[in-house]
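Below is one structure, written out as structure tokens; the observations come after it.
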Amino acid sequence: MLIYFSVRMGKHVHIKSFGCQMNKLDTALVRSALDKSGFTFTEKVEQADVVLINTCSVREHAEQRVLSHLGHLKHIKENRPDMVVGVIGCMAQRLGDKLLEHDAVDLVCGPAQIPQIADLVAGALQDGQGKLAVTERIRQKPPEEQTQALEKFESAYGTLALYRESRICNLQFRIFSPGQAFVRVMRGCNNFCSYCVVPFVRGPEVCRPPAAIIEQIRKLADTGVKQVTLLGQTVNSYKYKSGERTYCLADVLEMASDIDGIEWLRFVTSYPSREFFDPMLQVMAGSPKVCNYLHLPAQTGSDKILRAMNRNYTAGEYLELLEKARTTVPDIAIAGDFIVGFPAETEEDFQATVDLVKRARYKNCFIFKYSPRPGTGADKKLEDNIPAEVKRKRNTELLAVQEKVSNELSQRFLGKQVRVLVEGLSKKPHLDSAESRGQPQLVGRTATDYIVVFNGPQSLAGQFAKVKIARTSPLTLFGELT
Ligand code: 5AD
Ligand code: SF4
């Protein structure tokens, strides 16, 4: 608290973030909380008094990247022993005190403990002692005090984060694009898909009260936010009982649609389940603000592997959901996730996945090689018996199948005009894009999540624009401002 204030003043914090959008949101909240309590920020590790790494545990590769980063920091600390290094997020929760044993690490803070972050950092700066804050019994329902502390933190910094972002960072280092915000609707996950570490690091599902979510979106709209993305591990299973009424995601989307200033609403990630599926599609079809985009991971097209993954549907049922989505919302764009090389995946199982990808006609797919995660059902019971080379081959083959579909779908935009929300400067310049006329290359997204690259004034970041599409590639549309 106040006793530490002098410790914080003028101290420079560098934050590095790995992982998903949930993690990006946590990073923004942490940065906002640290800013509020007197810290300043730097993009240069060499200038930092405090380095925080927000980590991901979903695949081994993500953890290895963090460990190699920690190796680098250990090196820097040899000359700067006062520097405080903190690991936050999923890996902090998974490895706990083991991480504190690492020579570079002074502070370990799990996802549920981020409301304590400013005090933990100040404490470590003050006394040089290791700090550990993680949940002990992660699979139990979190205590009420913890949920309340997170709710308070989220409500306060969830709306401040954006304002602070624009004050702290120049455009390049922003976590969120201008005019956009992420709002968590639920934490944790109850599904226990056999490959997944999330329930073991983020704990059981806890849904936020709809009133708090709506209040947060209203405040964001007041600060000029035009697009809100609702976040949850299985966001379509959002459920909140209040008195006689049970609210589902469709109710939240409907209430959020009534907020002036909010123009686009998105939500990720959905689980292929029939529960609440119809109302969600109905609100998408009925509200012009709810973007016609669905991220619905299938993971595999083999019913045998789906059972082993503990996913509660068959490939046929999954395809039925897609059909329903397309009949209710004809121009819907759908994205998928797949894992290749799950234990005992035969060539025949893999071909079932190829077949599903061909039929699903995704806008794009995220494809991952199976990575055993300690403590998960698959890791305990099944041998990781698909050779790395086979995983790699299947990954490449599936990507090629999807690329063909993506290409066909993109080409349908040729010559058409699309409306995009402009994110900002394009990170990797596309050399052969339309005539520049001295203007920088910008990137935006359509309501259906297509990436659009065009030249225009940087002041368009955070605004809507109309672009006529002149050329397409599988994942990007190129055009000119109209
Ligand atoms: N190995 C590989 N990919 C995984 N995913 C989750 N756990 C694993 C794992 N152990 C993928 C799933 C999920 C996405 C976020 O990451 O496809 O949808
Ligand atoms: Fe990574 Fe999953 Fe944690 Fe997100 S929730 S940071 S994807 S392990």
Side-chain angles (χ1 to χ4, degrees), residues 17-26 54-66 89-91 93-94 111 182 184 186-202 205 229 231-237 267-273 293-302 305-306 308-313 315 318 321 334-345 349-350 353 356-357 360 362-388 390-396 398-399 402:
S17 192
F18 293 88
C20 61
Q21 287 170 329
M22 205 55 112
N23 252 23
K24 279 192 184 172
L25 173 57
D26 283 345
N54 195 3
T55 58
C56 172
S57 291
V58 86
R59 279 170 292 276
E60 196 189 352
H61 178 67
E63 294 202 342
Q64 274 165 354
R65 281 174 64 204
V66 170
C90 295
M91 222 174 138
Q93 176 60 44
R94 196 178 84 72
F182 290 84
R184 193 174 347 240
M186 61 207 282
R187 305 185 183 92
C189 181
N190 287 345
N191 274 11
F192 290 98
C193 302
S194 65
Y195 51 81
C196 188
V197 78
V198 171
F200 301 91
V201 286
R202 295 253 171 190
E205 190 177 293
T229 305
L231 292 185
Q233 300 298 342
T234 56
V235 69
N236 54 330
S237 58
F267 54 91
V268 282
T269 295
S270 299
Y271 184 90
S273 138
Y293 169 75
L294 195 59
H295 182 201
L296 196 70
Q299 310 298 2
T300 168
S302 150
I305 301 290
L306 279 169
M309 285 179 164
N310 196 27
R311 304 280 288 181
N312 294 315
Y313 53 88
Y318 178 85
L321 292 179
I334 299 169
D337 285 2
F338 285 89
I339 297 177
V340 293
F342 188 81
E345 183 189 66
D349 292 320
F350 174 65
T353 301
L356 179 65
V357 168
Y362 296 109
K363 170 179 102 55
N364 68 303
C365 264
F366 302 95
I367 302 168
F368 307 100
K369 289 175 269 187
Y370 173 67
S371 163
R373 304 314 295 134
T376 58
D379 185 52
K380 282 197 225 152
K381 289 193 227 115
L382 306 169
E383 191 195 341
D384 177 20
N385 57 0
I386 307 300
V390 176
K391 286 183 185 170
R392 200 189 52 76
K393 199 181 118 295
R394 289 180 183 169
N395 192 336
T396 313
L398 200 56
L399 271 172
Q402 177 55 41

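Just so we're clear, the structure is a prediction, and the values are computed from it rather than from any experiment. As the structure lists them, so they are numbered: ligands from 1, and atoms in each ligand from 1.
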If the cut-off is 4.0 Å to any non-hydrogen atom of [X], which atoms of ligand 1 fall inside it?
X	answer
Asp337	13 (C), 14 (C), 15 (C), 17 (O), 18 (O)
Val58	6 (C), 7 (N), 8 (C), 9 (C), 10 (N)
Gln299	12 (C), 13 (C), 17 (O), 18 (O)

Considering only heavy atoms, does Tyr195 approach ligand 1 within less than 4.0 Å through its side chain, its backbone, both, or neither?
->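 Both of them.
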
What pairs meet the side-chain hydrogen bond (donor to acceptor under 3.5 Å, both in side chains) rule with one or both residues in residues 366-388, with sequence neighbours excluded?
->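 Applying side-chain hydrogen bond (donor to acceptor under 3.5 Å, both in side chains) to every pair that reaches into residues 366-388, excluding sequence neighbours, yields Glu63-Arg373, Asp384-Lys391.
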
Over-ring placement of Arg59 relative to Phe368, 6.0 Å and 45° cut-offs |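 Yes, Arg59 lies over the aromatic ring of Phe368.
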
Sequence-distant partners of Tyr362, side-chain hydrogen bond (donor to acceptor under 3.5 Å, both in side chains), two or more places apart |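 Tyr362 satisfies side-chain hydrogen bond (donor to acceptor under 3.5 Å, both in side chains) with Tyr318 once adjacent residues are dropped.
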
Do His295 and Phe366 make the cut of ring centroids closer than 6.0 angstrom?
->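 Centroid separation for His295 and Phe366: below 6.0 Å.
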
Contact (N/O only, under 3.5 Å) between Arg373 and ligand 1 =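 Between Arg373 and ligand 1 (N or O atoms, distance only) the closest approach is not under 3.5 Å.
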
Counting distance only, does the side-chain N/O of Ser302 pair as donor-acceptor with the main-chain N or O of Ile305 below 3.5 Å?
->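 At least one qualifying donor-acceptor pair exists.
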
